[in-house]
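Everything below concerns the one structure shown next.
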Amino acid sequence: MQRVRTSNLVPGMISAEDVYSYNNQLILPKGTELTDKIITRLEFYSVLAIKVEDKMASEVGSSVDESLDGASNETSFSSITENLSYSEKIKATTQFKEFKKNFVENTEALQGNLRKIVEDNAPINADELLSSVSNLISESSTSIGIFDMLHNMRNYDDLTYVHSMSVSLICNIFGKWLGYSEDDIRILTLAGLLHDIGKLTIPEAIIKKPGRLTDQEFNIIKTHTVQGYNILKKQDIDERIKAAALMHHERNDGSGYPLGYPDEKIAEFAKIVAIADVYDAMTAARVYRGPLCPFKVVAIFEAEGLQKYDSRFILTFLQHISETYMNNRVALSDGTVGDIVMINKNALSRPMIKTLDGQFVNLVDRTDLTIENFV
């Protein structure tokens with residue numbers, strides 16, 4: 001058996017153990033063949049790694065390696081993913097190219113700042129950290145612009161810094177959706193930037209390890225929340241930022257870590273950062289596919305997330321994500337193509353679609369169909 005990081009799993013691998021959530025709920029039985037949906041579900045439950053059968057891990061891994069050999073990330077995604085036309089359209093725009101350039105530059109600056117905080121115990125300069133986020137926000141005036149840009153920035157070998165930048169941008173938009181004051185949005189954005197700072201104390205050999213994780217390495221990675229809090233606790237910053245670093249893996253039903261806190265003990269900003277953190281992880285591009293359609297993520301949250309996340313926040317988030325993509329053209333699981341013309345408030349992942357030939361398909365009534373991707 002090999003313990004493989006969730007971000008490195010690919011469809012076709014076979015689970016070599018029963019996988020449980022942090023409150024001992026069975027998520028995945030031993031012997032299950034992994035699919036894209038199952039892997040995304042593991043991200044949803046914040047499962048960092050699972051054991052898979054050695055033979056399947058090596059066979060699938062080598063097949064992926066061959067398809068990626070000598071290719072850029074964008075080329076490899078195109079060669080092993082069926083339909084990336086929506087993604088390709090975005091990547092072809094001048095706006096995306098400019099956003100990507102600035103995103104990379106600002107993330108490199110963030111990397112330097114975070115390293116100084118961790119390694120030199122440098123004081124946190126909130127204005128300097130937040131300036132990078134402000135620059136990117138100002139370039140994309142709409143929420144759909146930001147989310148589209150982020151979904152297509154992500155690579156399967158994503159680093160902590162890129163993820164932190166993405167989560168901070170999502171937190172910034174989320175705070176506006178919640179009607180927070182400018183000051184609270186500023187603090188929430190900074191909480192997103194710093195939520196994973198504890199990962200910088202984990203040896204790079206473990207964080208970037210592409211293959212098998214030992215049980216000891218797995219447990220070391222799980223300490224990043226406490227490590228992050230310890231880094232921030234003496235800094236002159238809002239206490240809500242420190243709490244978010246410690247509690248962003250806690251869940252309302254007590255199934256999270258490191259403390260297993262229930263709803264009433266979890267800090268408000270930690271609950272918000274948790275949603276942004278998981279959403280970003282679930283929508284990330286993978287080695288075997290491009291960025292996941294947001295409606296698939298919304299469906300998982302609707303099915304399994306309402307007990308894990310504060311309803312005040314998760315319902316607002318899902319509603320706005322769904323509404324963000326009104327009027328977009330999508331492909332359904334049966335190959336039908338049409339435009340989203342109405343969001344169903346009680347089933348956000350199942351909107352009304354107007355097909356290209358003028359027919360209406362209400363996905364609430366057509367439970368056999370799902371939105372596969374944007375076109």
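On a predicted model such as this, the values are computed, not experimentally measured, just so you know.
- Side-chain atoms of Glu302 come within 3.5 Å of backbone atoms of Ser349 as a donor-acceptor pair (strictly under, hydrogens ignored).
- Hydrophobic cluster membership is shared by Phe313 and Met282, with clusters built from Ile, Leu, Val, Met, Phe, Trp and Tyr side chains linked at under 4.5 angstrom.
- Rounded to the nearest 0.5 Å, atoms OG1 (Thr189) and CD1 (Ile170) are 11.5 Å apart.
- When the side chains of ILVMFWY residues are joined at heavy-atom separations under 4.5 Å, either directly or via intervening members, Tyr45 and Leu259 end up in two distinct hydrophobic clusters.
- Between the side chains of Lys308 and Ser255, a donor-acceptor pair is found at a separation under 3.5 Å.
- With hydrogens and angles disregarded, a donor-acceptor distance shorter than 3.5 Å links the side chain of Arg350 to the backbone of Leu363.
- Not one N or O on the side chain of Asp277 forms a donor-acceptor pair closer than 3.5 Å with the backbone of Val273.
- At distances below 3.5 Å, not a single donor-acceptor pair connects side-chain atoms of Gln227 with backbone N or O atoms of Thr201.
- The two residues Lys271 and Ile266 come nearest to each other via the heavy atoms CE-O, 3.5 Å.
- Proximity of a side-chain donor or acceptor of Asn125 to a complementary backbone N or O of Asp127 within less than 3.5 Å is detected.
- Residues Lys242 and Glu239 are paired through a salt bridge, judged by an N-O separation under 4.0 Å between the basic side chain and the carboxylate.
- The neighbour count for Asp368 CG, taken as heavy atoms of other residues, nucleotides or ligands under 6.0 Å away, is above 12.
- The OH atom of Tyr261 sits 15.5 Å away from the CZ atom of Arg251 when rounded to the nearest 0.5 Å.
- Hydrophobic clustering (side-chain heavy atoms under 4.5 Å, transitive across Ile, Leu, Val, Met, Phe, Trp, Tyr) keeps Val361 apart from Val341.
- Under 3.5 Å, the side chains of Asp334 and Thr336 contain a donor-acceptor pair of N or O atoms.
- Of the inter-residue distances, the one linking Met247 atom CE with Thr225 atom OG1 reads 10.0 Å to the nearest 0.5 angstrom.
- From Ile27, atom CD1 reaches atom CZ of Arg41 across 6.5 Å, with rounding to the nearest 0.5 Å.
- A salt bridge does not link Glu53 with Lys30: none of the charged nitrogens is closer than 4.0 Å to a carboxylate oxygen.
- Under a cut-off of 6.0 angstrom, the local environment of NZ in Lys296 is crowded, with over 12 non-hydrogen atoms contributed by other residues, nucleotides or ligands.
- One N or O on the side chain of Glu250 and one on the backbone of Gly260 form a donor-acceptor pair closer than 3.5 Å.
- Panel note: side chain Asp238, backbone Arg240; a donor-acceptor pair is recorded below 3.5 Å.
- Side-chain rings of His195 and His163 approach one another, their centers coming within less than 6.0 Å.
- Using a 4.0 Å cut-off between charged side-chain N and carboxylate O, Arg115 and Glu204 make a salt bridge.
- You'll find the side chain of Ile50 reaches within 4.5 Å of the side chain of Leu34, heavy atoms only.
- For Ser15 (side chain) and Thr32 (main-chain N/O), a donor-acceptor pair under 3.5 Å exists by modelled atom type.
- The OG atom of Ser46 sits 11.0 Å away from atom NZ of Lys222, with the distance rounded to the nearest 0.5 Å.
- At least one side-chain heavy atom of Thr324 sits less than 4.5 Å from a side-chain heavy atom of Trp177.
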Steps toward side-chain hydrogen bond (donor to acceptor under 3.5 Å, both in side chains) verdict (Asp357, Thr355): CA-CA 5 Å; Asp357 62 2; Thr355 66; 2.3 Å; yes
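- Thr35 and Glu33 share no side-chain donor-acceptor pair at under 3.5 Å.
- Sorted by first and then second residue, the salt bridge (charged side-chain N to carboxylate O under 4.0 Å, His left out) pairs with a member in residues 161-173 form an empty list; sequence neighbours excluded.
- For Asp236, the CG atom counts as loosely surrounded, since its 6.0 Å shell holds 12 or fewer non-hydrogen atoms of other residues, nucleotides or ligands.
- Atom OH of Tyr229 has 12 or fewer neighbouring heavy atoms from other residues, nucleotides or ligands inside a 6.0 Å radius.
- Residues Leu315 and Leu306 have side chains in contact (heavy-atom distance under 4.5 Å, counting atoms from C-beta outward).
- Looking at residues two or more places apart in sequence or on another chain, you find a ring-ring contact (aromatic ring centres under 6.0 Å, His included) between Phe174 and Phe317.
- A donor-acceptor pair under 3.5 Å is absent between the side-chain atoms of Asp280 and the main chain of Val167, judged by distance alone.
- A donor-acceptor pair under 3.5 Å links the side-chain atoms of Asp310 to the main chain of Arg312, judged by distance alone.
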Go through the steps for Glu105 and Lys101 under the test salt bridge (Lys or Arg N to Asp or Glu O under 4.0 Å), then give the verdict. CA-CA 6 Å; Glu105 290 175 354; Lys101 175 178 175 289; 3.2 Å; yes
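- Each of Ile221 and Val226 belongs to its own hydrophobic cluster when Ile, Leu, Val, Met, Phe, Trp and Tyr are linked at side-chain heavy-atom distances under 4.5 angstrom.
- Separation of atoms CG (Asp36) and CG (Leu9) is listed at 11.0 Å; rounding is to 0.5 Å.
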